Amino acid sequence: MRSKKENKEDKKKISDEPMTIAGHLREMRNRIAVCIVAFAVGFGFGLYFSPQIADGLTAMGTKYGYRFVFIAPQELIMVYFQLAMIAGVLLAAPFIAYEAYAYAVPAMSENSRKSVAGALLFGFGMFVIGILFAYRISVPFMLYFLISLQQGVSIEASISIQEFVSFIMTVFIIFGVIFEMPVIVALMTSLGIMKPEWMKKARKIAIVVIFLVAAIITPPDVVSQIMVAVPMCALYELSTWLSKMIYQKKESKASAEEA
């Protein structure tokens, strides 16, 4: 009988053999199928719970005096489908990330595999933190400021449910993406593409760019711009610190190997 060690060596030899084009296409097809199934399940889950999700989102505005209406017969059902699409993407995202990683693993070095795997986990966590930050801090502040503009005037706010949900989802996605900055910088530093000195030298320019970007991606009011720009500046400093830590660790490891 063959030993376990021999079986492992045989499996390693098989995995190291180059895959044919047909094999790559077959693997890609299977992985895409898994992603589609994951999205379909997430979409169905989101569609089933879309009324509850919509109630949770509108509750963020009703406590500040917002009144919500739908001005087209199909608007409410379109909101439900919009929420289901977003839920499908979010719930399928871990599966999509894993399938993409697993497909690319054979072409990666050992260090690259660890860096990318860590970046995926770190990135998912930071995206969730970004959404929670928007949900707990940024969105309530924005809603309070925007509704306060009607004070002193004979104008009552009756907000389209579709416009409100689109606004909330946009803010959530913006903050989720913004909180990916440390992840991207850490990954680039780990792969040797980024250096902390570059970020330190570009700090002043980066702050100006951050405020310009915040002005573009937020509603046309100063408060929303500041609520986006300030966290981005803080994340830039965190990214610089992470880049420095990773770079020093790489330098220490390289020195130890040389010694």
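The analysis underlying the following values was restricted to heavy atoms, covering all of them including side chains, and did not include hydrogens, waters or symmetry mates. Note that the coordinates shown come from a computational prediction; the quantities given were computed from them, not determined experimentally.
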Cluster link [X] to [Y], ILVMFWY, side chain under 4.5 Å:
X    : Y    : value
I207 : M232 : no
I96  : V128 : no
V69  : M78  : no
L212 : Y236 : no
V105 : F95  : no

Report all side-chain donor-acceptor pairs from residues 178-189 shorter than 3.5 Å, counting only partners two or more places apart or in another chain.
residue : atom : partner : partner atom : Å
E180    : OE2  : F127    : N            : 3.2
T189    : OG1  : V185    : O            : 2.8
T189    : OG1  : S243    : OG           : 2.9

Name all residues meeting the side chain to side chain contact (heavy atoms under 4.5 Å, CB included) criterion together with [X]; count only those two or more places apart in sequence or in a different chain, and write none if there are none.
X    : result
V230 : I226
I137 : F133, M227
A54  : Y80, L83
K200 : R203, T240, K244

Can you establish whether the number of heavy atoms outside [X] located under 6.0 Å from its atom [atom1] is more than 12?
X    : atom1 : answer
F81  : CZ    : no
I193 : CD1   : yes
Y64  : OH    : yes
F122 : CZ    : yes
M60  : CE    : yes

- Verdict with reasoning, F172 to L57, per side-chain contact (heavy atoms from CB on, under 4.5 Å): CA-CA 11 Å; F172 283 172; L57 294 176; 4.1 Å; yes

List for me each residue that meets ring-ring contact (aromatic ring centres under 6.0 Å, His included) alongside [X], sequence neighbours excluded, and say none if there are none.
X    : value
Y103 : none
F164 : F68
F49  : F45

Rounded to the nearest 0.5 Å, what separates atom [atom1] in [X] from atom [atom2] in [Y]?
X    : Y    : atom1 : atom2 : result
K63  : I147 : NZ    : CD1   : 13.5 Å
I168 : I86  : CD1   : CD1   : 11.0 Å
L242 : M194 : CG    : CE    : 12.0 Å

- Item | Least distance between heavy atoms, A87 atom then G46 atom |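 Taking A87 first and G46 second, the nearest heavy atoms are CB-CA, 3.7 Å.
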
- Any idea which heavy atoms bring L143 and Y66 closest together, and the distance? O-OH, 2.8 Å

- Dump the intermediate steps for side-chain contact (heavy atoms from CB on, under 4.5 Å) on M245 and W241, then the final yes or no. CA-CA 6 Å; M245 295 294 294; W241 179 78; 3.7 Å; yes

- Do the side chain of S166 and the main chain of E163 share a donor and acceptor less than 3.5 angstrom apart? no

- Message: Set out, in order, the CA-CA distance, both residues' side-chain angles and the distance that settles side-chain contact (heavy atoms from CB on, under 4.5 Å) for F70 and Q162, then state yes or no.
- Response: CA-CA 7 Å; F70 59 93; Q162 190 169 20; over 6 Å; no

- Tell me, which pairs form a salt bridge (charged side-chain N to carboxylate O under 4.0 Å, His left out) where one or both residues lie in residues 117-146, sequence neighbours left out?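 Applying salt bridge (charged side-chain N to carboxylate O under 4.0 Å, His left out) to every pair that reaches into residues 117-146, excluding sequence neighbours, yields nothing.
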
- Query: Can you list every pair that meets salt bridge (charged side-chain N to carboxylate O under 4.0 Å, His left out) and has a residue in residues 65-85, with sequence neighbours left out?
  - Reply: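 Pairs touching residues 65-85 that pass the test: R67-E156.
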
- Intermediate values then yes/no, side-chain contact (heavy atoms from CB on, under 4.5 Å), F175 and V228: CA-CA 8 Å; F175 274 90; V228 172; 3.8 Å; yes

Residues 29-44 side chain polar contacts: donor-acceptor under 3.5 Å, at least two apart:
residue : atom : partner : partner atom : Å
N30     : ND2  : R26     : O            : 3.3
R31     : NE   : E27     : OE2          : 3.0
R31     : NH1  : E99     : OE1          : 2.7
R31     : NH2  : E27     : OE2          : 3.1

- Task: Sorted by first residue and then second, give each side chain to side chain donor-acceptor pair (under 3.5 Å) pair with at least one member in residues 52-62; sequence neighbours left out.
- Result: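 Sorted pair list comes back empty.
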
